[in-house]
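Lettering of chains follows the sequences in order, A, B, ..., and the numbering in each one begins at 1.
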2 protein chains.
Amino acid sequence: MTDENLIDALKALGHPLRLRIVEALRAGERNVGEIEQATGIAQPGLSQQLAVIRAAGLVQTRKAAKLVYYSLDQAVLAGLRDRIGTFAGTPTDKASAAGPPPTRHPATGVARFARLS
Amino acid sequence: MTDENLIDALKALGHPLRLRIVEALRAGERNVGEIEQATGIAQPGLSQQLAVIRAAGLVQTRKAAKLVYYSLDQAVLAGLRDRIGTFAGTPTDKASAAGPPPTRHPATGVARFARLS
DNA sequence: ATATATTTTCATAAATCGTGTATATGTATT
DNA sequence: AATACATATACACGATTTATGAAAATATAT
């Protein structure tokens, strides 16, 4: 990961709407309509922010019929985490750690219950 | 760490000059003149970027006579790393399921809503 | 082909950011 | 007090980003 890529990734995350989107994707892959429901971001703006996130390489996309499914690129995000880890005191011994560190908060997102009917 | 703090930290790091500054501080505490030498950023601009980094809570400062020493706040940076780790550390949902279009957990109503014509 | 659902792109005004120059605030030294 | 040095802030202004609504591209079904 080059410094420029790193900066793009950090910039992409350093924005309230985009952070909200990424948080909504933590629970798993979602299509644009689902992300819209989960985040409350109106459609065109959402697509714009998704484009930024995509350009930063933070997500993968998959197309199923009319729908486009977004999911976090965990390899890239792990790289980002490790890169920041080099700034934190502990020299990264977690670059090789396979298992996710303790906490997984499954319900952090508002995304869970998008009630429509 | 609130979302707003997180965003400020990410924004602070997502900038070439500021990233260079933080990288220069990785080796240990430095005063402004030393950072200027290490990064080649001219004094006023440097002070401005340091102010951003300071406001984001990424560094601690210590004053010795005329000199101001900056050092990375490793606790904050470790928190930042862990926070990003929550985006990276969730495999095994359907990450590798390249199979059929998703018909998933009942709570995500949007897709179902879209199909009910 | 026509209609419809989903997502992306365009356009533009408002806000924010980036950077250089000048100026200010401290703190020691004489 | 006056000087010198280290650091911080203020200001200005062009560049980038954001918000928002309209239009367009893509894919599917009838």
Side-chain angles (χ1 to χ4, degrees), chain A residues 3-4 7-22 24-25 29-56 58-71 114 116-117, chain B residues 4 7-22 24-25 29-56 58-71 100-103 108-117:
Chain A
D3 270 16
E4 203 194 326
I7 288 171
D8 287 342
L10 291 166
K11 271 202 280 206
L13 286 178
H15 180 283
L17 296 185
R18 292 194 291 264
L19 183 63
R20 212 167 348 139
I21 293 170
V22 169
L25 288 174
E29 97 176 339
R30 297 280 185 271
N31 65 47
V32 178
E34 290 171 333
I35 300 172
E36 181 179 1
Q37 290 294 324
T39 62
I41 304 168
Q43 229 284 323
L46 177 58
S47 215
Q48 248 175 220
Q49 304 307 339
L50 283 172
V52 174
I53 294 172
R54 217 185 315 126
L58 264 39
V59 293
Q60 294 166 333
T61 64
R62 177 175 70 87
K63 231 169 170 176
K66 309 182 196 174
L67 309 178
V68 177
Y69 282 87
Y70 283 80
S71 57
L116 288 179
S117 46
Chain B
E4 204 194 327
I7 288 172
D8 286 343
L10 290 166
K11 271 203 279 205
L13 285 177
H15 181 284
L17 295 185
R18 292 193 290 263
L19 184 64
R20 216 177 333 147
I21 292 170
V22 170
L25 288 174
E29 96 174 340
R30 297 275 187 276
N31 66 46
V32 178
E34 290 171 332
I35 300 172
E36 185 177 356
Q37 290 293 326
T39 61
I41 305 168
Q43 199 274 316
L46 177 56
S47 217
Q48 277 170 176
Q49 304 308 339
L50 283 173
V52 175
I53 294 172
R54 216 186 316 128
L58 264 41
V59 293
Q60 293 165 331
T61 62
R62 177 175 69 87
K63 230 169 170 179
K66 308 184 200 176
L67 307 178
V68 177
Y69 283 88
Y70 284 80
S71 58
T103 332
T108 51
V110 175
R112 187 178 51 192
F113 171 81
R115 300 204 167 245
L116 288 172
S117 45

For B:Glu34, which contact category applies under a 4.0 Å heavy-atom criterion: base, sugar-phosphate, or nothing?
nothing
Just by distance, do the side chain of A:Arg54 and the backbone of A:Thr61 share a donor-acceptor pair under 3.5 Å?
no
Distance check, rounded to the nearest 0.5 Å: B:Leu58 atom CG versus B:Leu13 atom CG?
5.0 Å
Starting at atom CD of A:Gln37, determine the distance to atom P of C:dT7, rounded to an integer number of angstrom.
11 Å
When rounded to the nearest 0.5 angstrom, what is the spacing between NE2 in A:His15 and CZ in A:Arg20?
10.0 Å
Could you check if a side-chain atom of B:Tyr70 sits within less than 4.5 angstrom of a side-chain atom of B:Ile35, using non-hydrogen atoms only?
yes
To the nearest Å, how far apart are A:Ile41 CD1 and C:dT8 P?
13 Å
Treat primed atoms plus P, OP1 and OP2 as sugar-phosphate and everything else as base, then score nucleotides 21-30 of chain C 5' to 3': B for base contact with protein heavy atoms under 4.0 Å, S for sugar-phosphate contact only, - for none.
BB---SSS--
A:Asn31 CG to C:dA5 P, in whole Å, measures 15 Å
Name the residue closer to the 5' end of DNA chain D, choosing between B:Tyr69 and A:Gln49 according to the nucleotide with the nearest heavy atom.
B:Tyr69
Quick one: label B:Leu46 by what it contacts on the DNA or RNA (base, sugar-phosphate, nothing), any heavy atom closer than 4.0 Å.
nothing
Examine distances only and state if a side-chain atom of B:Gln49 and a backbone atom of B:Leu46 form a donor-acceptor pair shorter than 3.5 Å.
no
State the CG-CD distance between A:Leu17 and A:Gln48, to the nearest 0.5 angstrom.
10.5 Å
Assign A:Tyr70 to base, sugar-phosphate, or nothing according to its heavy-atom contacts below 4.0 angstrom with the strands shown.
sugar-phosphate
Under 4.0 Å from any heavy atom of chain A: name the first and the last nucleotide of DNA chain D that qualifies, 5' to 3'.
D:dT18 to D:dT28
Is there side-chain contact between A:Tyr69 and A:Gln60, with heavy atoms separated by less than 4.5 Å?
no
Nearest 0.5 Å please: distance from the OG1 atom of A:Thr39 over to the CZ atom of A:Arg30.
11.5 Å
